[in-house]
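For this chain, numbers begin at 1 and follow the sequence in order.
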Amino acid sequence: MSSILEEKDNKIKKIVILFFFILFLLIILLISVFDTIKSYRRLPSLDTTKKELSVRGDIISSDNFKITTSKKIYKASIDTRHLDQNKKDLFIKLFSIYSNIPYKKISKKIEESLNKPGNLVLSYNIDSKTAKNLKELGFKLRKLKVFKPRKVRGGKILRGLSINESGEKRLYSYDNTLTPVVGYITKFESEKGKTKVKGIKGLEKKFDELLNNSKDGILSGNRDVLSYISFNKGSVIKQRVDGANLVLNIPLKLQKNNEMILDMYKKKLVADEIIVSIMDSKTGKVLSLASSNRFNPEKIYQKDIPSLNVNAIEYQFEPGSIIKPISIALVMDKKRIKKNELFFAHNTKGKANKKGEFPRGRYKLGRWSIKDDHRFKKHYLTVDDIFIFSSNIGTLQLAQRLSGPEFYEGMKRFGFTRKTGIDLPYEKKGVMPKIWQFSANDKKKEDNVFKATVSYGQGMTSTFMQALKAYSIFNNKGYAVTPKILSHIEIDNEKYKEDKLKNERIISEKTANEIKRMLIKTVDKGTGKAAQIPGLEIGGKTGTAQIARRGKYLKKYISSFFGFVNDGENSYTIGVTVMNPISTGKYWYYHYASWSAVPVFKEITNNLVKLNYLKPKNDIISKK
């Protein structure tokens with residue numbers, strides 16, 4: 001009986017032990033499950049989002065060449081903690097071949113990183129084609145087990161070669177072409193950590209907001225086992241929208257040809273700078289705005305700093321004799337000149353030379369004496385004589401026929417001390433005496449020194465573009481146009497054009513035509529003879545002014561020729577300004593506009609003919 005009881009006790013003990021053992025295992029299992037539920041796990045997300053970086057808009061010539069454009073750049077990086085040291089050399093060789101980055105440069109970066117292993121950026125400047133090849137290399141490197149997994153929080157992760165969009169790079173396809181007008185940019189890091197650019201000068205600055213008005217593309221939705229997005233009704237698709245494109249009125253070929261001409265003449269004339277612009281007289285479209293002083297916006301050096309400004313609108317200088325037609329036009333428009341009227345040349349002191357020419361005229365104005373450069377064979381001049389042979393004395397006598405307010409307001413109407421409205425930033429306005437200074441002696445009806453000096457382009461400053469706009473008035477029946485470099489804007493394949501500005505009447509058509517006639521005569525018989533081209537109607541006026549510094553005139557000159565060229569269908573206003581041409585030695589006479597600015601004008605006009613912007617006609621004959 002006792003043996004039976006003992007056997008039952010043993011069975012019960014075994015059952016109890018087994019029960020407690022199973023209970024213990026269940027408790028451990030429950031604890032493990034509970035701990036797993038509560039613990040952090042890196043579970044793959046069922047949703048994924050990919051962004052496509054947008055870029056800055058392009059600047060495009062009228063003949064459809066991209067002057068400047070933006071390209072996406074990519075960042076190549078690795079985590080050196082995952083790099084297998086035994087296969088380090090293999091990685092460096094392969095990456096160097098695929099990226100075209102020198103082996104030594106990559107090796108040095110990796111060796112420095114291994115002192116403190118972690119994330120290492122190998123390059124921020126990978127182009128899209130190279131990025132694609134490097135992504136393929138990344139898959140190959142994984143197969144070759146160049147990178148090894150690391151334990152992180154109880155799991156394992158593997159990081160190989162990573163290629164990601166890092167931002168954009170601005171490219172200038174034709175190096176220094178159209179600079180400084182196109183301008184330049186600087187880089188900055190966006191809130192999203194991407195490299196972006198913004199304009200600092202020129203068109204890049206003026207239209208910076210439009211050029212950078214872009215939106216990144218977004219692809220969002222469920223992902224499949226291969227990590228590709230599986231699109232459904234809940235997916236989000238937003239197309240990438242790049243910044244606005246600027247389409248210019250300037251054709252690339254014409255611009256480049258003009259720049260070549262300026263480069264040649266800058267060397268010949270030993271000038272500091274030569275500026276040229278061609279503008280449609282009727283519409284204000286700027287077909288070319290060129291400087292001999294240019295730079296590559298992608299590589300700006302210390303020596304380029306003086307060339308960064310658009311001197312056509314930022315440099316203010318005394319324009320000299322190119323102002324005379326404007327002064328005469330103001331008097332003529334007020335009908336203060338009688339038909340066939342004669343003006344005393346103030347050249348009776350002294351005898352005539354062998355050619356029958358009397359000494360240069362000398363006009364006493366207060367304590368100043370104003371002289372003429374040209375000798376005349378007579379003592380009385382017609383308006384044509386004053387105009388064609390650029391008489392200071394004749395011009396100032398005409399200017400005195402206007403009151404101070406009439407002269408002042410007339411100069412302002414022609415655009416002086418006012419911005420031209422050209423689509424470039426930092427435009428200067430120039431300076432001119434005040435209205436009260438022009439008005440001194442009005443009541444006494446005595447000569448005014450301010451009217452006198454300004455009438456022939458001294459005692460005031462102007463910009464190149466102000467002079468160009470003023471001269472277009474004579475070739476456009478008395479109306480002023482606004483110079484425009486930009487043709488239209490393209491946003492998401494849609495064209496947008498600025499509302500057409502109404503042309504402003506400045507002088508009567510009769511006055512404009514009379515000044516135009518005398519400008520043509522100046523080219524036929526005066527200082528602009530070298531600009532003549534058979535079959536074209538050409539008019540213009542030279543101006544040679546000394547450069548003033550700190551109230552004194554230097555022995556340095558600014559030579560200009562402003563005028564127009566017509567073929568019966570096309571009508572262009574053209575300006576040429578040569579800054580500080582050589583004025584000493586064998587070619588001392590190059591500082592005169594007739595020897596510097598006028599030949600450049602003719603070359604620019606010939607270029608227009610070669611490229612079919614002008615077509616000489618046999619029935620247009622210069623009047624000798």
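For K266, there are no salt bridge (Lys or Arg N to Asp or Glu O under 4.0 Å) partners at least two apart in sequence or on another chain. For E514, the salt bridge (Lys or Arg N to Asp or Glu O under 4.0 Å) partners two or more places apart in sequence, or in a different chain, are R517. With sequence neighbours excluded, the residues satisfying ring pair (Phe, Tyr, Trp, His ring centres under 6.0 Å) with F376 are H374. In terms of the side-chain hydrogen bond (donor to acceptor under 3.5 Å, both in side chains) criterion, Q546 has no residue partners (sequence neighbours excluded). Not counting sequence neighbours, the partners of R401 by the salt bridge (Lys or Arg N to Asp or Glu O under 4.0 Å) test are E341. For T605, the side-chain hydrogen bond (donor to acceptor under 3.5 Å, both in side chains) criterion is met by no residue, not counting sequence neighbours. Shown here are the side-chain hydrogen bond (donor to acceptor under 3.5 Å, both in side chains) partners of Y553, two or more places apart in sequence or in another chain: E318. Partners of E446 by salt bridge (Lys or Arg N to Asp or Glu O under 4.0 Å), not counting sequence neighbours: none found.
In this structure, a donor-acceptor pair under 3.5 Å is present between the side chains of N607 and N257. Donor-acceptor pairing under 3.5 Å is recorded for the side chains of N258 and S288. Side-chain contact annotation: K541 with S390, donor-acceptor N/O pair under 3.5 Å present. Between T382 and D385, the side chains place a donor N or O and an acceptor N or O closer than 3.5 Å (distance only, hydrogens not considered). A donor and an acceptor atom, one from each side chain of K371 and N392, are nowhere located under 3.5 Å apart. Judged by distance alone, the side chains of N311 and E273 do bring a donor and an acceptor atom under 3.5 Å apart. A donor atom on one side chain and an acceptor atom on the other are not found under 3.5 Å apart for S327 and S455. Donor-acceptor pairing under 3.5 Å is lacking for the side chains of Q255 and T177.
The environment of M264 atom CE is dense: over 12 non-hydrogen atoms of other residues, nucleotides or ligands sit within 6.0 angstrom. Enclosure of atom NZ in K510 is not indicated, since only 12 or fewer non-hydrogen atoms of other residues, nucleotides or ligands lie within 6.0 angstrom. For E209, the CD atom counts as loosely surrounded, since its 6.0 Å shell holds 12 or fewer non-hydrogen atoms of other residues, nucleotides or ligands. Within a 6.0 Å radius of NZ in K516, other residues, nucleotides and ligands contribute more than 12 heavy atoms. Around CZ of R505, the count of heavy atoms belonging to other residues, nucleotides or ligands within 6.0 Å exceeds 12. At most 12 heavy atoms of other shown residues, nucleotides or ligands fall within 6.0 angstrom of atom OH in Y587. Within 6.0 Å of atom OH in Y301, 12 or fewer heavy atoms from other residues, nucleotides or ligands are found, so the atom counts as exposed in its surroundings.
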Discussion item. Please evaluate residues D423 and K484 with respect to the criterion side-chain contact (heavy atoms from CB on, under 4.5 Å), reporting the C-alpha separation (whole Å), side-chain torsions for both, the decisive distance (0.1 Å), and the verdict.
Written reply: CA-CA 6 Å; D423 33 12; K484 287 295 174 187; 3.8 Å; yes
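The aromatic rings of F344 and Y380 sit tilted relative to each other, their planes meeting at an angle between 30° and 60°.
Taking the charged nitrogens against the carboxylate oxygens, K525 and D384 have no contact shorter than 4.0 Å, which rules out a salt bridge.
At a threshold of 4.5 Å between non-hydrogen side-chain atoms, the residues F414 and I507 count as touching. Considering only heavy atoms from C-beta on, L203 comes within 4.5 Å of L248 through its side chain.
Applying the salt bridge (charged side-chain N to carboxylate O under 4.0 Å, His left out) test to every pair with at least one member in residues 426-440, sequence neighbours left out, gives no pairs at all. Sorted pairs that involve residues 589-601 and meet side chain to side chain donor-acceptor pair (under 3.5 Å), not counting sequence neighbours, are lacking altogether. Among residue pairs with one or both ends in residues 323-336, those qualifying as salt bridge (charged side-chain N to carboxylate O under 4.0 Å, His left out) are R336-E406; sequence neighbours excluded.
Checking each of D263, T179, D304 against R294 for a side-chain hydrogen bond (donor to acceptor under 3.5 Å, both in side chains) leaves exactly one that passes, namely D263.
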Distance-only donor-acceptor pairs under 3.5 Å for side chains of residues 571-584, two or more places apart:
| from | atom 1 | to | atom 2 | distance (Å) |
| --- | --- | --- | --- | --- |
| S571 | OG | N475 | ND2 | 2.8 |
| S571 | OG | N566 | OD1 | 3.0 |
| Y572 | OH | Y613 | O | 3.2 |
| T573 | OG1 | S281 | OG | 2.7 |
| T577 | OG1 | S560 | OG | 3.0 |
| N580 | ND2 | D272 | OD2 | 3.1 |

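For the pair K351 and F358, the cation-pi criterion (under 6.0 Å, within 45° of the ring axis) is not fulfilled.
The structure places CG of L289 at 11.5 Å from CG of L287, a figure rounded to the nearest 0.5 Å. A distance of 11.5 Å separates CD1 of I300 from CG of N176, quoted to the nearest 0.5 Å.
Between F464 and F562, the distance from one ring center to the other falls under 6.0 angstrom.
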